Amino acid sequence: MVNPEIEKRKTFAIISHPDAGKTTLTEKFLLFGGAINTAGAVKRNKANQSNTSDFMEIERQRGISVATSVMGFEYSGKRVNILDTPGHKDFAEDTYRTLSAVDSVILVVDCVKGVEEQTEKLMSVCRMRNTPVIIFINKMDREGKEPFDLLDEIENKLNISLCPLSWPIGQGHTFKGVYSIYKKHLNLFNSDKTKVTDSVVAVNDLADEALLDYLKEGEVKGLQDEVELVDGVYGHFDQSLYNEGLLAPVFFGSAINNFGIKEILDTFLEIAPSPKHREAEERDVLVEEKNFSGFVFKIHANLDPKHRDRIAFLRICSGKFERNKFYYHTRQDKKLKFANPMDFMANEKSIVDEAWPGDVVGLYDSGNFKIGDTLTEGEKLHFKGIPSFSPSIFKEVENMDPMRTKQLEKGIEQLTDEGVAQLFVMQPGNRKVIGAVGELQFEVINFRLEHEYGAKCRFRTLSYSRSRWVTSGDKKKLDEFLKRKQQHIGADKEEHPVYLADNDFMIDMTKRDYPDIEFHTTSEFK
Ligand code: G4P
């Protein structure tokens, strides 16, 4: 039997295209879960969208992001761990890594905008790991796209089967409430944004006369017809398809108005998976194994040069994590113990004595960790599923202060270990090329090199916009390829060869010219 401590854990992330309502929904979960008392307690964790070069904004975001990195609370007999992800698209890589540490996600879609660019990207990352996804269609208080049209759009663009578990009654100014198909109850709209209202009306089914006490006859008829159609088109909820990431339950609501939140939260706690086994390169690691294991998926550095501490976020995969016990750092082949591991309950940090699979603990770090590092009780394990993705901007580092070369190299090494950006070393001359998703990362690196390492550099923009990790079954052919394309090849931090290209066309041409070479879009391809 699985340990109840593990069974009760629900570790997930709420993700969305910026502005769809991720922050608002997170806050409402904390409110409904009793973790906070008033709306507005969760600060916005997003950089100003319109002004990407506002460095103060990055600092502000980083300042609050430790507190909100993990928001844990107990609700309804469960331990809920919400892992926060940055809203800004330049931090997409951080989001992808955080998704490696969750057991499921809730994807928020704005009913006015439908599926947006980031929605598609996030979904493709979930698909890579078969992460179970629940979809929340938000802002139903606004005149948006029709529910059936939205479902079609989501199914087509996100390429996933859907199963609505709640259904809206009206929309925009006619929005009356949500009928829970899963629980068979009706929740009527009450636009009080600050209080948790409980206006649930239990009905036996949609033929229940009691509905007429709350809705007009036409509305009841409309709801009956639509739910019948939903039933015919989408069928019944299949738990195992959801667990495999093949079917996404859909909920409707309005996060800002507290609406549809209880339906999704209660159903989520029932159907969302508890921590499951994890794949390591060596073997499958089961949650109920006695021995502890976990991996680092995020490193947060303090930007204040007087306090150069870092916090490594460790997701526990098996066993029990204990304070002050020695654990084995697989990559460094050494033992470490942690006197002050942090637990995150709502917005509070506290020292934790023990933690279970599904939990995330924060470990003070003086430079021991890099993203993907594994801790165990002695076994050599490397957890899978924390790949690097192709960056879109590549710049060569030019040292501006030759007297500080060592500091520059150390700074670049450590910042890329933290996952701020990716490092590729190109020959001849060991040239260092930084690859990142957005311009913000280069600003962060420049600022931090100067303030934390006393080093100065300039970035020279390169024409590349894609990277492909290259392998081949034929070593001779690979060596030949690497030699012929040397000016486009960089070595990543694991010394894997990476082909850098200007665009997809260049990649397609190269693929055609070198049919024996395999081109991978992420660093993990085994
Ligand atoms: P994000 O984290 O996904 O970026 O989105 P966030 O929750 O910050 O919400 C983006 C905007 O959408 C906010 O407005 C928020 O108030 C609004 N919003 C969230 N849920 C709903 C909803 O159900 N209905 C409507 N009509 N709006 C919603 P803002 O103007 O950017 O910020 P604020 O001034 O309201 O704080």
Side-chain angles (χ1 to χ4, degrees), residues 12-32 36 38-52 54 57-58 60-61 64-65 67-69 71 82-92 94-95 98-99 105-123 133-145 147 150 166 168-178 187-197 199 250-265 347 438 440:
F12 71 107
I14 301 179
I15 52 177
S16 75
H17 187 93
D19 271 346
K22 174 181 81 73
T23 312
T24 313
L25 185 64
T26 306
E27 177 176 281
K28 295 308 162 84
F29 271 19
L30 296 179
L31 198 62
F32 274 69
I36 54 171
T38 47
V42 178
K43 310 255 177 349
R44 282 288 150 76
N45 179 13
K46 57 181 179 184
N48 186 344
Q49 304 294 327
S50 57
N51 186 1
T52 49
D54 185 347
E57 195 58 37
I58 308 175
R60 193 188 62 79
Q61 168 161 355
I64 59 173
S65 63
T68 60
S69 279
M71 288 160 281
I82 307 180
L83 271 51
D84 193 30
T85 56
H88 199 286
K89 68 172 170 32
D90 284 9
F91 290 97
D94 286 12
T95 300
T98 297
L99 292 182
V105 305
I106 293 180
L107 178 65
V108 184
V109 174
D110 179 333
C111 77
V112 181
K113 301 212 175 111
V115 173
E116 297 173 85
E117 192 193 337
Q118 274 298 102
T119 331
E120 290 188 59
K121 289 209 177 114
L122 290 163
M123 187 67 200
V133 177
I134 290 180
I135 293 171
F136 182 70
I137 300 184
N138 191 28
K139 307 196 185 178
M140 289 304 291
D141 58 311
R142 296 184 54 190
E143 311 291 335
K145 303 185 184 184
L150 272 167
S166 80
I169 305 159
Q171 185 172 5
H173 71 282
T174 64
F175 185 45
K176 277 283 170 64
V178 177
N187 199 349
L188 294 176
F189 184 46
N190 166 348
S191 65
D192 184 342
K193 296 183 188 174
T194 53
K195 282 206 272 336
V196 177
T197 48
S199 53
V250 180
F251 291 82
F252 291 85
S254 166
I256 194 89
N257 293 301
N258 292 336
F259 213 73
I261 311 290
K262 195 169 159 50
E263 282 76 16
I264 187 170
L265 180 58
N347 279 344
L440 269 179

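In listed order, ligands and their atoms are each counted from 1. Counting from 1, the numbers follow the sequence of the chain as shown. Everything numeric here is computed off the predicted structure, so don't read it as measured data.
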Closest approach of C111 and I137, non-hydrogen atoms and distance?
CB-CG2, 3.7 Å
So, for V109 and T119, which heavy atoms are closest and what is the spacing to 0.1 Å?
CG2-CG2, 4.1 Å
Backbone, side chain, both or neither: what part of K22 comes under 4.0 angstrom of ligand 1, heavy atoms only?
both
Within the 4.0 Å heavy-atom cut-off, what L25 brings close to ligand 1 is neither
Could you tell me, atom by atom, which parts of ligand 1 come under 4.0 Å of a heavy atom of D141?
22 (C), 23 (O), 24 (N), 25 (C), 26 (N)
K113 (side chain) donor-acceptor with A20 (main chain) under 3.5 angstrom
no
Give yes or no for whether the N/O distance cutoff of 3.5 Å, strictly under, is met between P18 and ligand 1.
no
is_close_aromatic(F252, F136), centroid dist under 6.0 Å:
no
Salt-bridged, K22 to D84, with N to O below 4.0 Å?
yes
Kindly assign one of parallel, tilted or perpendicular to the pair F175 and F259, based on the angle between their ring planes and the thresholds 30° and 60°.
perpendicular
Identity of the nearest option to atom 5 (O) of ligand 1, non-hydrogen atoms only, from S16, G21, C111
G21
Are any of the N/O atoms in R142 less than 3.5 Å from those in ligand 1?
no
Please state which option from T24, D19, I256 has its nearest heavy atom closest to atom 7 (O) of ligand 1.
T24
Ligand-residue contact atoms, ligand 1 with S254, heavy atoms, under 4.0 Å
22 (C), 23 (O), 24 (N)
Looking just at side-chain N and O atoms, do E117 and H17 make a donor-acceptor pair shorter than 3.5 Å?
no
Determine, using heavy atoms of N257 and all atoms of ligand 1, whether some pair is separated by less than 4.0 Å.
no
